[in-house]
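Single-structure report; data block below.
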Amino acid sequence: MTLTTFDLIGVAVFAISGALAAGRKELDLLGVVVLATVTAIGGGTLRDVLLDRHPLFWIENGTYFIVIIVSALGTVLYVRLWSPPMNALLIADALGLALFALSGAQVAEGANCPLLVVVFLGTATGVAGGVLRDVMVAQIPLILRQEIYATAAIMGIVLYKILHSCGLAAGPSFYIGIATTALLRLLAIQRKWRLPSFRVL
Amino acid sequence: MTLTTFDLIGVAVFAISGALAAGRKELDLLGVVVLATVTAIGGGTLRDVLLDRHPLFWIENGTYFIVIIVSALGTVLYVRLWSPPMNALLIADALGLALFALSGAQVAEGANCPLLVVVFLGTATGVAGGVLRDVMVAQIPLILRQEIYATAAIMGIVLYKILHSCGLAAGPSFYIGIATTALLRLLAIQRKWRLPSFRVL
Amino acid sequence: MTLTTFDLIGVAVFAISGALAAGRKELDLLGVVVLATVTAIGGGTLRDVLLDRHPLFWIENGTYFIVIIVSALGTVLYVRLWSPPMNALLIADALGLALFALSGAQVAEGANCPLLVVVFLGTATGVAGGVLRDVMVAQIPLILRQEIYATAAIMGIVLYKILHSCGLAAGPSFYIGIATTALLRLLAIQRKWRLPSFRVL
């Protein structure tokens with residue numbers, strides 16, 4: 001799969017998470033599509049604006065909007081007909097986080113950024129869509145809940161870099177990075193895993 | 001009227017809405033001007049950054065800041081001397097939404113974006129200033145209330161595109177689009193119109 | 001000291017303020033670093049994106065991330081071993097505000113922006129990191145509290161411009177501007193100074 005394919009899947013799962021978040025606030029149908037769009041393209045747009053990559057991926061290629069609209073309205077239809085799977089929003093968010101974190105890291109690598117910048121830009125690409133979604137519906141961003149979140153993105157990216165620099169091909173390293181981020185996040189939700197937290201009174 | 005004239009009027013009405021929102025939080029006078037500025041230039045700035053149009057309209061042309069300062073301080077003076085008209089914030093917001101949504105769509109057209117991107121960029125240009133304003137004063141963004149909001153912007157833009165592609169000149173199609181968005185939004189406020197909403201428990 | 005040195009000090013103090021804000025929400029260690037990073041680079045990134053200065057300062061130069069990580073983890077360590085000084089977050093925020101406001105103004109001057117744009121861009125550079133930090137931890141942004149905040153940035157920048165245009169060299173004018181903004185903000189906190197505020201019911 002090419003990077004664009006991963007971007008499309010990431011866009012679709014974040015669009016679903018945006019539609020579900022919109023449903024919790026009872027937005028109207030076009031509001032659902034708007035929130036799904038912002039969630040879906042937020043991370044990649046931040047990545048491309050920061051790296052000055054123009055035209056932006058969704059301006060160049062109309063496919064992204066079709067994928068978003070189909071995902072958002074499909075989510076509405078699904079929820080109307082059946083009930084949404086438990087934690088559907090959290091699962092879609094975890095997949096989007098993993099896909100965008102790794103694709104963001106790979107784009108930053110391609111722009112010859114230093115290692116720490118690759119890790120930061122990948123993490124920012126992964127979390128930005130969800131942060132925008134949560135801020136726009138006035139929820140506390142998932143990144144602030146105490147389970148592992150940005151940490152899962154960082155660990156997936158770091159593992160990808162380690163495997164790749166140890167000689168594993170870019171492709172498998174990339175898949176393992178995505179799987180690591182998604183699994184870490186999902187396990188963290190299910191088992192309420194936390195890292196040691198820092199507290200100031 | 002040229003596009004710049006519409007931008008100036010949009011900037012003025014959004015500056016008024018920003019000043020009124022600042023007044024609800026009792027900011028000091030310079031804070032009022034800062035919030036009015038962010039609200040007024042937010043949408044157009046997002047549009048230009050996403051389309052990579054530099055220098056930004058307000059960096060190039062100092063007139064915008066003078067219009068914003070006069071609008072913001074004029075609002076303060078007006079409210080001190082008389083009481084503000086009922087729903088003044090909502091009315092200024094509706095006009096700004098309509099002017100920026102249509103001007104954003106026209107700029108995106110000029111950059112040869114595909115249709116769905118024109119609709120999205122226009123809508124984003126229309127709503128961004130108000131979202132920034134509401135997030136900065138920690139209010140739930142108007143886009144999330146259940147009356148028609150982003151929907152009004154989308155409908156005005158779509159009507160403009162339909163009329164224009166059916167042979168009506170760009171000018172009148174543009175005015176009709178603006179009037180449609182503003183009227184839809186104002187009627188939605190007054191009559192509490194809603195589209196069918198989507199709910200997830 | 002060059003502009004980069006000021007940027008580095010500003011990045012360090014904003015990173016500390018971000019780490020302290022993260023501590024109030026009990027984020028995990030990597031979350032602390034992420035929030036410190038966003039706070040530290042937010043203002044300068046906004047400045048550079050708006051002025052189309054690429055590559056961004058922190059993409060070009062890996063030192064910024066090292067400074068941020070050391071500042072954030074140093075803050076965690078310090079708070080674990082001793083208790084944080086009273087109002088540490090407010091003091092770090094005031095210094096970051098002053099440093100970034102003046103450096104933002106100087107960069108905007110270098111890009112030949114008109115006077116009002118210099119004042120606005122400097123102020124935006126100064127306040128953006130703190131606003132992002134507060135929005136991400138779902139706190140009411142400091143800019144909205146009623147003590148002097150954006151006003152302190154504006155006054156420091158205006159004083160710098162006046163002194164410089166009256167013949168004082170750029171260097172001393174710049175230092176006096178920074179000191180003015182930081183002192184005004186700290187005195188405003190300590191003595192609860194307010195400008196006349198504007199109120200709409």
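Convention: sequence-line order gives letters A, B, ...; per-chain numbering from 1.
Here the closest non-hydrogen pair linking B:I59 and C:C113 is CG2-SG, 4.1 Å.
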**OP:** Apply side-chain contact (heavy atoms from CB on, under 4.5 Å) to the pair C:I154 and B:V34, showing each step before the final yes or no.
**Re:** CA-CA 10 Å; C:I154 293 172; B:V34 169; 4.2 Å; yes
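Contacts of B:D52 with chain C are made by side-chain atoms alone, with heavy-atom separations under 4.5 Å and no backbone atom involved. Residue contact with chain B, scored on non-hydrogen atoms closer than 4.5 Å, involves the backbone and the side chain of C:L50 alike. With a 4.5 Å cut-off on non-hydrogen atoms, B:I41 touches chain C through its side chain but not through its backbone.
Note on C:L116, C:L115, C:L51: by heavy-atom pairs under 4.5 Å with chain B, the leading option is C:L116.
A ring-ring contact (aromatic ring centres under 6.0 Å, His included) check over residues 117-137 of chain C, counting only residues at least two apart or in different chains, returns the pairs B:W58-C:F120, B:F65-C:F120. Here ring-ring contact (aromatic ring centres under 6.0 Å, His included) pairs that include residues 11-40 of chain B, with residues two or more places apart or in two chains, are B:F14-B:F100.
Note: B:H54 NE2 to C:R53 CZ = 13.0 Å, rounded to the nearest 0.5 Å.
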